[in-house]
Amino acid sequence: MFNSEEIQKALMEEFFSENREALGRIEQGLLRLESNPGNKELINAVFRDMHTVKGNCRMMSFPRLEELTHKGETLLDLMRDDLLAMNQEIGSLLLKVVDHVRLTLQEIARSGSEGEADFSTIIEILESFVPHEKGKESESADRHGKDPRQPLLEEELPQEEGLPQGTDDQLLESHDSKTTDGQAGTTAIPLPQGPSPSTLPPTSKAVTEARSEPKAAVSAVTTTTTDNGAPAAAPMESIRLSLSRLDALMNQVGELGASFNQLKYVITHRPDHIDQLLEVHGKQIAWLQDEVIKYRLQPIGRMWDQYHRLVRDLSVEMGKKVMLDLVGEKTEVDRNVLVSINELLGHLIRNALDHGIETPQERVQHGKSPIGKVVLSAEQRHGQIHLEVKDDGRGINPDLVVQKALLTGMITAEQAKDMSEAEIFKLIMLPGFSTASQVSTISGRGTGMDVVQAALSKMGGTLTIASTVGVGSQFRMSIPQTMAIVPALLVGDSNETFALPQVNVVELASFYGSEVAVNIEGKMQSPMVRVREKLLPLVPLQRLLHRDGPGRAPRREVERLHALSAIHVVVLQGQENLFGLEVGAILGHSSLLIKPINTMFAHIPILAGTAVMPDGSIAFLLNVQALLQGAGEFS
C-alpha cells in the first residue's frame, strides 16, 4: 500500500511534468501566433494549455499561480471572441506570464511554496486589456471554479491536447516587421474596436505608461533568462517510454535472471558448459546496454524549441529582423549531451544575432533581404552528432580579428604574418577576445566563444569556423552521440590502460624490425608515420603524458623511434585530418561505462573520462581532439 507521502510525491511529480510540457506548448504557440495572429486553432490550443496549468495550480492549492494564469487565460479568451487582437505587446506580456510560472514552479520544487515573487504589476497590466464586463464575468466564473464557456470548449477545440507540429514555413517571424511607430516588432495590429476606454477598469500610472509604450509591458516585469540570454528552461528530469519498450525490457531482465540461475547451476554441476552460458549471458547484457542507451536518446528538437524565444526576444531588443530555421530536429542525442550543448548553442545563436546579422537598414543597403536568417542544423554520421549554426550576416573580417588580437597583446606582429585564415578564426575562441566596440548586456566581454570551446573539449567535441565577409559565418561542431556507454579501443602505455573512442579509430598498424626505419620518417623536424603510402603526423602517447620529461627535440624523437624493435600505431580521425598515435600496446576492444573525470585530473585536457576495468583498475578515456592539438604543439 502507498502512504500519503508517496501519493503526494507522485502527484507533485506529475504536476511539474504536465505543467512543464504545457508551458512549452504555450510558449511555442504564442511565438507562432505573433506571425499568424488570426489562427483560431492556435489560439484555442494555447487557451486550453493555459486552462490546464490554471487547473493544476488550483488542484495543488497554489492560489497565486492560479490567479496569474487565470488572468492570462482571460486575454486568450478575448482573442477567441475576436475582442482582442494578438500583437507584439500582448505576446510579450503572455510570454512573461510563462516566465513567471516557470520561475515559481522552480521555487515550489525547491521550497514547496510559491515564494515571495510579486505578480501585482503584471496582473494589473493584464487586467488593463480586459473590458469591465468581461472582467466581472471572468471573476464570477473563477469564484465558482468553472468557466461558463467550458461546454462550448469541447465542441470548438481540436481533439489533440497539444499544439500542431510546426513546419518550416511556420517558423518564428513575429519580429520580422516594423510597427507603425518605427520600432522593431510585429506588424502593427489594431487593438479591438469593441471595448472603448470608458469600459476599461481604472489603471495605475505605471499601467497607463505601459499601455502607451509598445515595449513597456516587457520592461514592467522581470525577465527570466539564463546567463547566455536563453529563456530559462527546466532541466530534463524525466523521459517518456512506451509500454511496449518497457515490456521488452522486463522480458529481457527476466531472461537475464533465468540465465544467472542456470550459470550458478552449471558452475556446480556442469563446469564444461560455462563458456557457452557466459556467451549467452554476455549477449543479454549487451542487449540491455543497447536498449538503455536508446532510452536515453532524445530528439534534439525537444531542446531546440526554446531558441525560437531566444531569437525573438534578442531581435526585438536589438531592433533586427531575424528568422530561425531548424533542420534535423529528429536527430537523437543522449540526454546528458543534450543538456551539455544547450548553453553553448545559446552562445552561438546570440553571437550570430549580435555580431553577424545586420540591422534591416544595413542589409537593404548591401542588397540583402531585411530579414536575416539563422539556421541551426543537426545530423548523425558514424556515431557522431554534427551541429552547425549558420547565419547570412556580415561575416567575420580576418583583418579586424588580427588587429584586435594585436591590440590586446594576444599575438605578435611576427606571428600575425604567418597565420592562415583558419588560425585567425581560432583567435576568437581565446578567453577575453571580443570584436565588439562596447560592452552590452548581450556581448562585448569576450566570455562567449571560449566557453563554447571549453564545453566542447570537455565532451570530446570539435569546432571549426568558416566565414566570408558580407556573406555569413558557419560554426560547425562534432560531438559524441552518447557519453554513457562508449565502444572503445584499449591501449597500453607504461603499464597503464587508456581508451580511445572507437568512432575516432580508423585503423591499426604495427611495424617490426626493419619496417620501423622504413615507415617512420622525419619531416620538418617532426616524426611522421607512413600508412598505406600516406605520411601522417605521429605523436607518442608517452610524450603527451610527459612521462619522459620535457625538452626532447622532435629530431631526437625520430632517433628514439628508429631504435625500437616494434612500434604500434593507432590511426585516428581528428577534426579534419588523420594522425597517428604511438602506443605501448594494443589491448583490444570493449564497451566502457564512462564516468566524469575526477577534479584532480580536470586540468589535463587529453583526459575525457574514466572507466572501471574488470580487474578493478581505472582506464582513462582519451580526448582525441586534445590529442590532435597536442600533436600540433609537439610538431
Side-chain angles (χ1 to χ4, degrees), residues 25-51 53-54 67-101 119 121-142 147-150 152-153 156-157 163 174-175 177 179-181 183 185-204 206-218 220-221 312 316:
R25 293 193 298 267
I26 291 170
E27 184 175 65
Q28 295 306 308
L30 290 172
L31 294 174
R32 293 174 187 167
L33 276 173
E34 284 192 330
S35 59
N36 192 7
N39 190 322
K40 284 300 181 70
E41 184 180 1
L42 273 175
I43 294 173
N44 286 333
V46 174
F47 177 90
R48 171 172 282 181
D49 281 320
M50 187 72 79
H51 188 77
V53 175
K54 184 186 80 170
E67 181 185 13
L68 177 61
T69 52
H70 175 69
K71 300 300 182 183
E73 179 190 46
T74 301
L75 258 64
L76 292 166
D77 198 21
L78 289 172
M79 294 182 201
R80 298 167 67 207
D81 290 337
D82 294 323
L83 296 176
L84 190 65
M86 181 68 166
N87 60 18
Q88 181 187 308
E89 181 186 10
I90 295 172
S92 296
L93 196 56
L94 290 173
L95 286 171
K96 292 303 175 186
V97 172
V98 172
D99 288 344
H100 276 297
V101 175
F119 298 155
T121 301
I122 189 171
I123 286 177
E124 196 170 1
I125 297 173
L126 287 165
E127 288 176 339
S128 71
F129 287 92
V130 182
H132 192 55
E133 291 78 6
K134 188 70 179 178
K136 282 185 176 180
E137 175 189 315
S138 178
E139 289 173 6
S140 175
D142 197 39
D147 187 341
R149 290 177 53 95
Q150 189 64 31
L152 188 59
L153 271 174
E156 62 186 23
L157 289 182
L163 291 172
S174 59
H175 47 277
S177 308
T179 54
T180 55
D181 62 359
Q183 294 188 350
T186 58
T187 303
I189 300 170
L191 290 177
Q193 299 301 316
S196 64
S198 61
T199 63
L200 295 175
T203 57
S204 67
V207 175
T208 302
E209 293 174 352
R211 292 295 306 277
S212 64
E213 182 66 34
K215 293 184 180 180
V218 181
V221 291
R312 183 260 186 198
V316 168

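Owing to the predicted nature of the structure, the values given are computational and were not obtained by experimental measurement.
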Item to check | Worked verdict on Lys40 versus Asp82 for side-chain contact (heavy atoms from CB on, under 4.5 Å) | outcome: CA-CA 10 Å; Lys40 284 300 181 70; Asp82 294 323; 3.3 Å; yes
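Annotation: the span from Ile123 atom CD1 to Leu68 atom CG amounts to 5.5 Å, rounded to 0.5 Å. One finds the CG atom of Leu42 at 11.0 Å from the CD atom of Gln28 (value rounded to the nearest 0.5 Å). Rounded to the nearest 0.5 angstrom, Leu93 CG and Lys71 NZ are separated by 13.0 Å. To the nearest 0.5 Å, atom CG of residue Leu94 and atom CD of residue Glu73 are 11.5 Å apart. Taking CG from Asn44 and CG from Asp77, the interatomic distance works out to 9.5 Å, rounded to the nearest 0.5 Å. How far CG of Leu95 is from CD1 of Ile90: 12.0 Å, rounded to the nearest 0.5 Å.
Proximity of Leu84 to Val130: side-chain heavy atoms (C-beta onward) are nowhere separated by under 4.5 Å. Within the 4.5 Å cutoff, no side-chain heavy atoms of Thr74 are placed close to those of Glu127. The side-chain heavy atoms of Ile26 and Val97, taken from C-beta on, include no pair separated by under 4.5 Å. Met79 places none of its side-chain heavy atoms less than 4.5 Å from the side chain of Val46. In this structure, the side chains of Asn39 and Arg32 stay at 4.5 Å or more apart for every pair of heavy atoms. Considering only heavy atoms from C-beta on, Phe119 comes within 4.5 Å of His100 through its side chain.
The two residues Met86 and Leu33 make their nearest non-hydrogen contact at CG-O, 3.9 Å. Between Ser92 and Arg312 the shortest heavy-atom distance is OG-NH2, 2.7 Å. Across all their heavy atoms, Leu75 and Leu126 have their closest contact at CD1-O, 3.3 Å. Here the closest non-hydrogen pair linking Gly91 and Glu34 is CA-OE2, 3.7 Å. Closest heavy-atom contact between Thr69 and Met50: O-CG, 3.6 Å.
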